[in-house]
Every structure is written in C-alpha cells, then in structure tokens.
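Side-chain atoms are counted along with the backbone in the values below, which use heavy atoms only and exclude waters and symmetry mates. Below, chains carry the letters A, B, ... as their sequence lines are ordered, and counting in each starts from 1. Since the model is a prediction, treat every value here as computed from it, not as a measurement.
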Protein chains: 2
Amino acid sequence: MNASKRSEQFPTADHDHQTCVTHALQEAEDFCLQQGLRLTELRHRVLELIWANHQPVGAYDLLEQLTHEGRKAAPPTIYRSLDFLLENGLIHRITSLNAYVGCNHPGLNHAAQFFICEACGQAAELDDAKIESVIARDAKRLGFTVEKRTVEVAGICAHCKQGPHP
Amino acid sequence: MNASKRSEQFPTADHDHQTCVTHALQEAEDFCLQQGLRLTELRHRVLELIWANHQPVGAYDLLEQLTHEGRKAAPPTIYRSLDFLLENGLIHRITSLNAYVGCNHPGLNHAAQFFICEACGQAAELDDAKIESVIARDAKRLGFTVEKRTVEVAGICAHCKQGPHP
DNA sequence: TGCTATATTGTTATATTATAACGTAACATC
DNA sequence: GATGTTACGTTATAATATAACAATATAGCA
C-alpha cells in the first residue's frame, strides 16, 4: 500500500504526509468544481490547515494558525468555513473532542465512526456498514427515524501501545 | 409492563413519572450505601433534578433550578456533583447535547447507546451488546484498546412521528 | 460593461459550557 | 476534641460557539 494513501487506519509515523495533504486538497477542489461549490481561498486554507494538522484540531487552534499567518480572523470566520466544509462532507466534527478532522471520503454522505487515540491524539475514520446496520436495527425496533449518528471510540492505538507516540 | 418501570425505550406520555423518579433515587441510595459512597444532600438533589427533568438536561439548567429553590450554587457546585454521579455510574453525559441524564442501570459499568429525539428532547438508553461487539471487532482489527465509547443517534422517536410531542 | 441580487467575509458583542484556584465548612477517625 | 480528609462556597477565567449587522466580493443578467 502506498504510504501516502489516506486510509481507514492510523497513519504510520513515516507516511508522506505532504502528499496526503495535497491529495486531499486536490480531491476537495475537484469535488467542489463538480458540485458547483465555491471553495474560496479562506475555505481552501482552512481545509488545508485541518489536513496539515494531521489530527483532530480545535476551531480556536485553527483560528490562531490563521491569524499567525497575517489574516484577519475572528471566531465567526473560522466557524463559517467549518460549517461549509461540514455541510459538504469535506470534514467531520468529532463531538467528544470539539474538534474537526478531514474526511477521507469527501462527497459520500456517509456515517463515519472514529477511533481516537488518547496518547497521540490521532483519529482513524472507519465506515463500518455493520455498525450502521446494527444501529438501524435498533432504530427500527424503537420506531425511531435516524437523522445523525455519532460513534466515537476513545482509547490507545496500536502504535502508542508499542512505544512512545509515533 | 408496569408504566412506571424505567426501561430501554422512550417513555410514554402517560407513564407515572413520579414513581419512576422515586424508584431511581431509591436505587441510587441503596447503591451508594452498598458502595460506601456519600450521596450527600446536594448530590441527592442534583440526581433528583436530573430524573425529574425527564430528559437530558444541561448543567446550567440544573444550576438555575438549584438557585431558584434558594440554594447558593455556582458552576463548580453543579459540576462537582455531576462528576460524582458520572464517576459512580448514576448518570450519563450525552456528548452531542452537552447534557446529563439518569442512568437506567446504576452500578453496572456498562457502555450505553442513546437514541435522542430531536422533537421532544427525550433520550432512550440502550445497552445493545451487538453494537459493543462490532466496535470491539473493529478495535481488534486496528490493534486499538478501547477505553470509552460514545454512541449517540439523533432523530425522531415513534411518538413524535405519530403526532405532536408526547 | 455596468447593475443588481446574492454569497461571503469582517467586526463587535455575547452566549454557552466548563474548569482553576483557593478558602471554608462538614465529617470521620482516632 | 484534635486532626486529616472530603465536600462545598466563592471568585475568576478558560474554551467553545453564535447573534447581529456592516462591508466586500462574486455571479448572473440587462
């Protein structure tokens, strides 16, 4: 497997992260072009920062990174960009962290699950149909119509169990 | 089924909520006695308020309810009680709502799933072993050690689909 | 092109949720 | 009752998020 491929697992320490960021941005640009969405300079930069951080990152962290590069930015600036990226499936919000992370499958309006390492801070995005189907079964039993699923599992990733943070 | 029994489903409009609160409190008292935990007057009252609200309730809502009954209370007052109740499994925190709800199975250190109705605000607590096992399987595949699970499903409950909020 | 409607961003203020830090009171044990 | 521990009171502040309105940029059309 190519080391730069963004995949459903925790990234290794030596993967080519720059390529992985570039690829994600390219995919987002293509997607927005297709969909007639305006990936403005600000939105593009926010998405880039999210990917560059390489792990779930808070809104105010992003805000600080923006202002440190000279841009005028207040909380609404960042939250509006996050809203755009969330609505169009380019990022996910991790509720239990109040943090945001790039989506591995932009465009697909999928329900993702996250495995979040409490040691290194990285999160793996899964899209396990089995979890979805079990939730759907429970919902059916309850007569419940599902709108939104939040599945977040915190713990320690394989890399961190073996040694210091990768 | 007894209308006052707290169960793994959405409560009906006509269930005997007072009995259900009383029962929960009695169970908590018994549990704390057994475990040598101090269910102080404040903690008891906070737990009672949580149950009485009958749906996930925010920390500042609880705080207001406390102060309205004449008690001196600041945020740390309520958060400390919430921490005690959380640590001892008497309540759950619903991450996606920043709200707290009574636990249906105090004592069991179980991982719960919540189905949250966006119309009436009520939440049903499930304890579906199947969800747990699927998550465990994914974790094993990732080499991930699970510490904490968050499974929260938002949508519309059966009562609210049929008519106005129950 | 220039006009106009809409979408985006800037700006100020504030809401909401949660914790830090330190002092006081209650309680439990000896 | 002295003493150590736990719980609570109090003040201040951190962290996350949104409301409201002004200014600017963009898109689509006359």
| message | Would you say the base of C:dT16 stacks on B:Y60 (centre-to-centre below 5.5 Å, plane angle below 30°)? | response |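 No.
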
Let me know the distance between [atom1] of [X] and [atom2] of [N], rounded to the nearest Å.
| X | N | atom1 | atom2 | value |
| --- | --- | --- | --- | --- |
| A:E64 | D:dA15 | CD | P | 11 Å |
| B:L63 | C:dT17 | CG | C1' | 11 Å |
| A:L42 | C:dT8 | CG | C1' | 9 Å |
| B:L39 | C:dC27 | CG | C1' | 16 Å |
| B:D61 | C:dT16 | CG | P | 10 Å |
| B:L66 | D:dG9 | CG | P | 9 Å |
| B:L62 | C:dT17 | CG | P | 11 Å |

| said: Do B:Q26 and B:D30 make a side-chain contact, defined as non-hydrogen atoms from C-beta onward lying under 4.5 Å apart? | reply: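 Yes, side chains in contact.
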
| query | Which of these nucleotides, D:dT16, C:dT11, D:dT10, is closest to any side-chain atom of A:K72? | reply |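 The closest nucleotide is C:dT11.
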
| field | Nucleotide nearest A:R38 when distance is taken to its side chain, options C:dT17, D:dA17, C:dA7 | value |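 Output: C:dA7.
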
| task | Would you mind telling me which of A:H159, A:Q122, A:H17, A:Q55 makes a side-chain contact (heavy atoms from CB on, under 4.5 Å) with A:P11? | result |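 Of A:H159, A:Q122, A:H17, A:Q55, side-chain contact (heavy atoms from CB on, under 4.5 Å) with A:P11 is met by A:Q122 alone.
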
Side-chain N,O ([X]) to OP1/OP2 ([N]) below 4.0 Å:
| X | N | value |
| --- | --- | --- |
| A:N98 | D:dA15 | no |
| A:R43 | C:dT9 | yes |
| B:Y100 | C:dT17 | no |

| Just by distance, do the side chain of B:S81 and the backbone of B:I78 share a donor-acceptor pair under 3.5 Å? |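 Flag not set: sc B:S81 to bb B:I78 has no pair under 3.5 Å.
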
| Charged N to carboxylate O under 4.0 angstrom, A:D138 versus A:R141? |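 Salt bridge: yes.
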
| What residues form a salt bridge (charged side-chain N to carboxylate O under 4.0 Å, His left out) with B:E147, not counting sequence neighbours? |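 For B:E147, no residue satisfies salt bridge (charged side-chain N to carboxylate O under 4.0 Å, His left out) once neighbours in sequence are set aside.
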
| message | Determine whether the aromatic ring centres of residues A:Y100 and A:H92 are separated by less than 6.0 angstrom. | response |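 That pair fails the under 6.0 Å test.
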
| task | Please list residues of residues 73-88 of chain A whose heavy atoms come under 4.0 Å from any atom in DNA chain C, ordered by number; otherwise none. | result |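 Output list: A:A74, A:P76, A:T77, A:R80.
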
| Aromatic rings A:F10 and B:F144: how do their planes relate, parallel, tilted or perpendicular, breaks at 30° and 60°? |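 Geometry flag for B:F144 against A:F10: parallel rings.
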
